[in-house]
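Order of appearance sets the numbers: ligands from 1, and atoms from 1 within every ligand. The residues of the chain are indexed from 1 along the displayed sequence.
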Amino acid sequence: MNSRMFTRVGSLTLKNPIMPASGTFDYHAQPWGPVDVSRLGALVPKSITLYPQPGNPPSRLAETPSGLINSIGIPSEGLEAFLQKTVHQYAHVPTALVVSIAGYSPEEYAILTRACAQIPQTTAIELNLSCPNLKTHVMPAQDPSLLRDSIQAARTVTDKPLWAKLSPNVTSIADMARIAQEAGANAVVAINTLRAMAINVQKQQAILGHFTGGLSGPAILPIALATVWDIAQTTAIPIIGCGGIQTAEDVLMFLMAGASAVQIGTATFRHPSTMMQVLDELHDYLTEHHITALDQIIGIAKPT
Ligand code: RRO
């Protein structure tokens, strides 16, 4: 355990700032593959919904030159099956467990939050308010009153930390972060994917079965970074940065813009060991620069 890697997200202390983005990394109780979960700052599984749903029709992925468009649509076994079966695999999860939930109404956020907060291993709950791939007209993260109502509904049923995952597809994400904070969120996750589309011109068809999806990967890093910066300039809410991170240098940019932790997603699909490599590189950077605590660099970026 290395204390210079500790980070605080509100009242929560994580052993380091590196965790997977929801939906990009699955956990197996048996050690498997190139990721040692005990080294992660937290684990964030795929969002679950209240009722079972199949997800979106294929194709669900479209590659672009510098990013990936997904339209998965949250295939979910539903809350009941999650509590009956799946949750047991997290019984001995060796790091902080952040359960991600997605509701279709404030009431659903309340039901999901109440149930998931009662799971003893749950350290925090990520409210996914910004999935771009559902058949709803508007996502909570795009509608100030729905955002407020959804977070308040969750807030009334638990004292555990609530992280609100925001969308970049808004006029002012800083305004949305302020609303999230006022509604009782303990942190915001910035950002979910950007609405996007790809077309196969030979087939003269949209590639994705759902037509549009969400863009992630290196293409969105500068956009995500600017959202973190905007939020950090205007609110005091802790920020978990997310968007296109591939290296420790990318992580450092997010920390310096004001994030307390980060999530890594698309890069894991290309190189499954990315999170491990980033941890090693981040540690080396901190040592080389005689940084003994992340607080010394969080939010440090100033105009030159
Ligand atoms: O499942 C998805 O299609 C999905 C989700 Br829940 C999300 O939050 N963000 C995204 O890009 N895809």
Novice: For residues Ser105 and Glu107, is any side-chain donor paired with an opposing acceptor at under 3.5 Å?
Specialist: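 The answer is yes; a qualifying pair exists.
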Novice: Tell me, please, which residues at least two apart from Arg114 pass salt bridge (Lys or Arg N to Asp or Glu O under 4.0 Å).
Specialist: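 With neighbours one apart ignored, the set is empty.
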Novice: Other hydrophobic cluster members with Trp163, side-chain heavy atoms of Ile/Leu/Val/Met/Phe/Trp/Tyr under 4.5 Å, chained?
Specialist: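 Joined to Trp163, directly or through intermediates: Val9, Leu12, Leu14, Met19, Val44, Val98, Val189, Ile240.
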Novice: For the residue pair Pro161 and Thr123, what are the closest heavy atoms and their distance?
Specialist: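 Looking at all heavy atoms of both residues, the closest pair is CD-O, 3.2 Å.
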Novice: Should the pair Phe82 and Tyr90 be assigned to parallel (<30°), tilted (30 to 60°) or perpendicular (>60°) ring geometry?
Specialist: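 The arrangement is tilted - the two ring planes meet at 30° to 60°.
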Novice: Which protein N or O atoms sit under 3.5 Å from any N or O of ligand 1? Give each pair with its distance.
Specialist:
from: ligand 1; atom 1: 1 (O); to: Lys46; atom 2: NZ; distance (Å): 2.6
from: ligand 1; atom 1: 1 (O); to: Gly73; atom 2: N; distance (Å): 3.3
from: ligand 1; atom 1: 1 (O); to: Ile74; atom 2: N; distance (Å): 3.0
from: ligand 1; atom 1: 3 (O); to: Asn70; atom 2: OD1; distance (Å): 3.2
from: ligand 1; atom 1: 3 (O); to: Ile72; atom 2: N; distance (Å): 3.0
from: ligand 1; atom 1: 3 (O); to: Gly73; atom 2: N; distance (Å): 2.7
from: ligand 1; atom 1: 3 (O); to: Asn133; atom 2: ND2; distance (Å): 2.7
from: ligand 1; atom 1: 8 (O); to: Asn128; atom 2: ND2; distance (Å): 2.8
from: ligand 1; atom 1: 8 (O); to: Asn192; atom 2: OD1; distance (Å): 3.4
from: ligand 1; atom 1: 8 (O); to: Asn192; atom 2: ND2; distance (Å): 2.8
from: ligand 1; atom 1: 9 (N); to: Asn192; atom 2: OD1; distance (Å): 2.8
from: ligand 1; atom 1: 11 (O); to: Asn70; atom 2: ND2; distance (Å): 2.8
from: ligand 1; atom 1: 11 (O); to: Thr193; atom 2: OG1; distance (Å): 2.6
from: ligand 1; atom 1: 12 (N); to: Asn70; atom 2: OD1; distance (Å): 2.8
from: ligand 1; atom 1: 12 (N); to: Asn133; atom 2: ND2; distance (Å): 3.2

Novice: For residues 285-292, please give each side-chain donor-acceptor pair under 3.5 Å, one per line with the distance, not counting sequence neighbours.
Specialist:
from: Thr287; atom 1: OG1; to: His283; atom 2: O; distance (Å): 2.7
from: His289; atom 1: ND1; to: Tyr285; atom 2: O; distance (Å): 2.9
from: Thr292; atom 1: OG1; to: Gln296; atom 2: NE2; distance (Å): 2.7

